Every structure is written in C-alpha cells, then in structure tokens.
Protein chains: 2
Amino acid sequence: MITKKESSTNSLNSKVIIECPVSYTIEMIGGRWKTIILYQLRYEPLRFGQLKKMLPLITEKMLAQQLKQLEIDRLVVRDAKEIIPPHVEYYLSESGKTLLPILTSMAEWGQIHNPFTKDCKV
Amino acid sequence: MITKKESSTNSLNSKVIIECPVSYTIEMIGGRWKTIILYQLRYEPLRFGQLKKMLPLITEKMLAQQLKQLEIDRLVVRDAKEIIPPHVEYYLSESGKTLLPILTSMAEWGQIHNPFTKDCKV
DNA sequence: CAGGATCCCTAATGATACTG
DNA sequence: CAGTATCATTAGGGATCCTG
C-alpha cells in the first residue's frame with residue numbers, strides 16, 4: 001500500500017495535518033491543476049492530448065505529473081491500450097466520482113464570486 | 001479594488017486560470033491552511049491565540065499570513081479592539097459563510113476516504 | 001502520441017528571534 | 001496578545017530536449 005506519506009513531497013507535519021478530514025481532502029484535490037483536471041473528466045474519458053488542449057496553459061510535465069498523482073490517489077484511472085501509436089485514456093474512478101458534488105459546488109461558487117468569470121465554463 | 005492579480009504571487013497564467021470557476025475557488029481556499037482555518041471558524045469568532053492552539057502545527061507567521069489573505073479575499077473579517085493588550089477576533093464574512101457547504105462536504109468526504117482519519121474532527 | 005529526463009528559478013513554507 | 005522581521009529551506013512549477 002502506498003501511503004500518502006510516501007507519495008507526497010510534504011514534510012514532517014503533513015502526517016498530522018492529513019488526519020484532519022478537510023485537510024486530507026484539500027491535499028487530494030489541491031494545487032493549481034487537480035480540480036480542473038478532475039472537472040474536465042466529469043462527463044467522459046479523455047486522452048492526454050485532449051486534456052492538454054482543454055488546458056492550454058498546462059505544461060506536459062505538469063499534466064503528466066498531476067495525472068500520475070491522481071492515479072496514485074485512486075481518483076483517476078489510467079487506461080492504456082498497448083498499441084503504436086499509444087492510446088491512453090483517463091477517467092474518474094468510483095472514488096473520483098464521489099468528488100463531483102464538491103467540484104460542482106466549487107464551480108458554482110466560483111461562477112458567482114469570481115469577478116473575472118465571463119464565459120469560461122470550466 | 002484589489003484584484004487577485006495584485007494580491008497574488010502567481011505568475012502570468014494565473015490570470016487565465018483564475019477566470020475558470022473551479023480554479024478560482026481553489027485559489028481562494030487552496031493551500032495547506034486556508035480550509036482548516038475557515039472550517040475552525042464555522043461556529044464562532046476565534047482569536048488569534050485560539051486558532052493557534054487549535055492548529056498546533058501552524059507557525060505564527062503562516063497563521064498571520066493566511067488570515068491576512070483571507071481578509072483581503074473578503075472571506076474572513078478581522079475585528080480588532082484597540083486596547084492593551086490587543087484583542088483580535090476573526091470570523092467568517094457573509095461571503096465566507098457561503099463556503100461552508102463546500103467545506104462541510106470536503107470534511108465528510110475526507111472522513112470517509114481518509115484511512116488515517118481517526119478521531120480528528122477537523 | 002504520450003510522456004520522461006534535466007536543469008533551473010521562484011514562490012511557498014519554516015525556524016527563530018523580536019516588538020507595540 | 002497578536003503579531004513582524006529576518007534568514008534559511010524546500011517544493012512547485014516551467015523550459016527545453018529526448019524517446020518507445
């Protein structure tokens with residue numbers, strides 16, 4: 001079993017913080033990219049290249065890195081067909097789907113409170 | 001008016017990211033401490049020292065810094081009585097209170113999914 | 001196509017000491 | 001009590017180049 005302690009890069013106190021439910025959740029979906037990646041996956045599986053197009057500002061490194069962490073945390077499933085050229089799909093796990101109400105609420109809250117939100121639906 | 005661009009330390013792309021509702025919300029409550037601070041304030045106003053006791057691992061610098069950012073973002077109100085010794089209370093603004101459903105959902109999700117959660121109710 | 005490997009910089013966080 | 005100031009550390013993120 002991979003514990004958060006091993007898969008995380010955080011220091012000492014993360015172990016204690018992480019025992020608190022709210023903090024645990026924010027560790028799982030926090031950071032600049034994870035929520036938006038999860039949210040993009042809300043409807044259907046997406047390929048690496050599709051996600052990259054939907055998130056034009058993300059670097060390939062960050063996308064790969066965040067997807068890997070989401071996979072380790074069992075929120076996202078990586079489905080790779082062993083063909084040439086590679087075809088890899090990502091989709092929400094059952095656990096990941098249970099985050100959707102939270103992500104939706106966050107999207108609604110942002111839609112209301114963000115003065116900069118215009119037509120961005122993400 | 002203080003825009004997020006000015007109050008944030010993020011670089012170029014934050015401007016675009018921030019226009020997305022989900023990302024905007026995560027910018028407001030993300031990081032290691034903000035959710036837990038907001039969540040501690042869910043019932044009643046708390047003083048600086050009380051928060052410090054409830055979050056034994058936070059440094060005074062981080063607590064002051066995060067509270068200041070939450071105040072700038074209008075999620076928390078700082079109420080300081082001008083007396084000696086100082087008496088300062090923090091409480092959720094109306095806008096901050098609208099985050100409570102999200103924070104509660106996050107706490108519930110963490111309670112269910114965190115294998116390390118024991119009796120920590122935060 | 002879907003990444004991996006490297007290098008590098010800065011923002012974020014921490015430790016410690018000090019103060020109105 | 002409720003913070004600041006200063007210094008040191010680290011982790012997040014980006015640029016670029018490379019590959020099965």
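Here the structure is a predicted model, which is why all the values come from computation and not from measurement.
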Study note, to complete from the structure: Residue set satisfying side chain to side chain contact (heavy atoms under 4.5 Å, CB included) with B/Pro45, at least two apart, ordered chain then number -> B/Glu89, B/Tyr91

Review point. Parallel, tilted or perpendicular: which describes the rings of A/Tyr24 and B/Trp109, with under 30° parallel and over 60° perpendicular?
Key: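 Rings of A/Tyr24 and B/Trp109: parallel, under 30°.
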
Gap between atoms [atom1] and [atom2], on [X] and [N] respectively (whole Å):
X	N	atom1	atom2	result
B/Leu63	D/dA2	CG	P	10 Å
A/Gln50	C/dC1	CD	P	12 Å
A/Leu57	D/dG12	CG	P	20 Å
B/Met62	C/dA15	CE	P	11 Å
A/Ile58	D/dG13	CD1	P	9 Å
B/Ile84	D/dG3	CD1	P	13 Å
B/Glu82	C/dG20	CD	P	15 Å
B/Arg32	D/dG12	CZ	C1'	12 Å

Practice item. Would you sort out whether B/Ile29 and B/Met106 count as a side-chain contact (heavy atoms from CB on, under 4.5 Å), showing the intermediate values? Key: CA-CA 12 Å; B/Ile29 67 172; B/Met106 289 178 59; 4.3 Å; yes

Check your understanding: Nearest to the side chain of A/Pro86, which nucleotide is it out of D/dC1, D/dG20, C/dT13?
Key -> D/dG20

Report each atom pair, protein N/O against N/O of nucleotides 3-8 of chain C, whose distance is under 3.5 angstrom.
from, atom 1, to, atom 2, distance (Å)
C/dG3, OP1, A/Arg78, NE, 3.3
C/dG3, OP1, A/Arg78, NH2, 2.6
C/dG3, OP1, A/Tyr90, OH, 3.2
C/dG3, OP2, A/Tyr90, OH, 2.4
C/dG3, N7, A/Glu60, OE1, 2.8
C/dG4, OP2, A/Lys68, NZ, 3.1

Given 3.5 Å as the limit, does a donor-acceptor pair link the side chain of [X] with the main chain of [Y], or not?
X	Y	result
A/Ser95	A/Leu75	no
B/Thr25	A/Gly110	yes
A/Gln66	A/Leu63	no

Exercise for review: Would you kindly compare A/Gln66 and A/Pro85 by the position of their nearest DNA chain D nucleotide and give the one closer to the 5′ end?
Suggested key: A/Gln66

Point to revise | Connected via hydrophobic side-chain network under 4.5 Å: A/Leu46 and A/Ile36 | key: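 In one cluster: yes.
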
Check your understanding: Would you say a side-chain N or O of B/Arg47 is under 4.0 Å from OP1 or OP2 of D/dA2?
Key -> yes

